[in-house]
Amino acid sequence: MSGERVLLVDDEMDFTQTLAERLQTRGLRVETAGSGEEAIEKARQGSFDAILLDLAMPGLDGIETLKALREMKPNLQIVLLTGQATVRQSVEAMKFGAVDLLEKPAEIQKLLEKIEEASARKALLLEKQTEDQLADIMRKKGW
Amino acid sequence: MKSLPEKMACKKGLDFFGAVTASLSHEINNVLAIINELSGLMDDHICAAGQGRPLDPAKLKNTVERIAKQVDRGKNYVLRLNRFAHCVDQPTKALDARDILEQITTICQRFATLKKVQLQSIVGQQPVEIVGSPFDLEHVIYRCTEIALGVSAVDSMVVAKLEKTGTGARIILTARDPGQVNQEVSAKLSLVSRLVERLGGTFESVTDPGAEMRLVVDLPRSMLNGQGSESDV
């Protein structure tokens, strides 16, 4: 991994702290948020290649957080990392823009793969956006 | 053949059983996820040591202590789940209502946390003995707690209090700053009313929007069983 920026969102602080430490030793830059509200604030201020989001949280739950994050930054790559999500929750999460779902406890290797995929997807989206913007400028200039 | 109300009561009982077991198994899963990360962290340290980085005994000790803490937490959830699962063993038994109230309010702590509401139980020093089905009593307390948590404002508190009365037991749940009683809450209140009636008790709810909601359950010392009890279905 090469310094991908990751935001871990879960109200179980012991979980986020430990996972953050493990991801950091593998070269990732990790921030944590203990609630949906905190995650939205951190995402507003920073740029993340992937967000790992729990579903069941006090206050804003995972789905509400997901909606707010995607509304604020549509390119955000959000992977759900949660305990047994119901089929209904999973479908709802995908509908609102989650790119993947992993069940807790998850193997670190699997998690790294998902982060890498999310990061690559974001890079592609940005590339596509830049190309579209350039094409738009060229069109307007009549080139 | 079961009558429609009996079928409904059975369905609601199953819903309650499902909600509690889902919540507790979710908590157990969270504990397992933390232990998974902590054991992974230890493995990372050992791998690093294999590559020549010295092991930090203080760090290892800290990780082991955190694992032990999670194991204790997990044992506690398993104990609660096990106690809850056994509440259907006997349709009727002599109960101390204090144990039942504390068991359910403890189980409901997660629901309260998710709603950002504090849940507190108050029981006296003396036993409050009643005879009946533990499951039925747990179900009634759970449904009242569900209503009280549902109407409570964020950062408020729900208090569940148990009193011994001349004829049995009284359970009072108080929610502060409740919103309006909508159709959904009304339906839940009538469910509790029906459940309590089946046990031979009475139920009363008083709501002053923005101020307080009080749910009062009066139960006889010997609760009805048999046809009136849903755990027999």
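A, B, ... follow the sequence lines: proteins, then strands. Residue 1 opens every chain. In this text, all values refer to a predicted model and were calculated from it rather than measured experimentally.
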With rounding to the nearest 0.5 Å, note down the distance linking [atom1] in [X] to [atom2] in [Y].
X	Y	atom1	atom2	result
A/T25	B/H45	OG1	NE2	8.5 Å
B/D44	A/L23	CG	CG	9.5 Å
B/Q70	A/T18	CD	OG1	8.5 Å
A/D10	B/N30	CG	CG	6.5 Å

query = Do you know which of B/I34, B/N29, B/L32, B/N36 has the most heavy-atom pairs under 4.5 Å to chain A?
reply = B/N29
On a heavy-atom basis, which atom in [X] and which in [Y] lie closest, and how many Å separate them?
X	Y	answer
A/M57	B/L114	C-CD2, 3.5 Å
B/A33	A/P105	CA-CB, 3.8 Å
B/K116	A/P58	CG-CB, 4.0 Å
B/H26	A/A56	NE2-CB, 3.9 Å

Can you tell me if [atom1] on [X] sees more than 12 non-hydrogen neighbours from other groups inside 6.0 Å?
X	atom1	value
A/K73	NZ	yes
A/E107	CD	no
A/K42	NZ	yes
B/Q118	CD	no
B/R214	CZ	no
A/E71	CD	no
B/K115	NZ	no

ask   = When you look at A/E12 and B/R110, which way does the salt bridge (charged side-chain N to carboxylate O under 4.0 Å, His left out) test go after all the steps?
value = CA-CA 12 Å; A/E12 290 276 359; B/R110 178 165 181 269; over 6 Å; no
Electrostatic pair B/E37-A/K104, nearest N-O below 4.0 angstrom =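 Between A/K104 and B/E37 there is no salt bridge, as every charged N stays at least 4.0 Å from the carboxylate O atoms.
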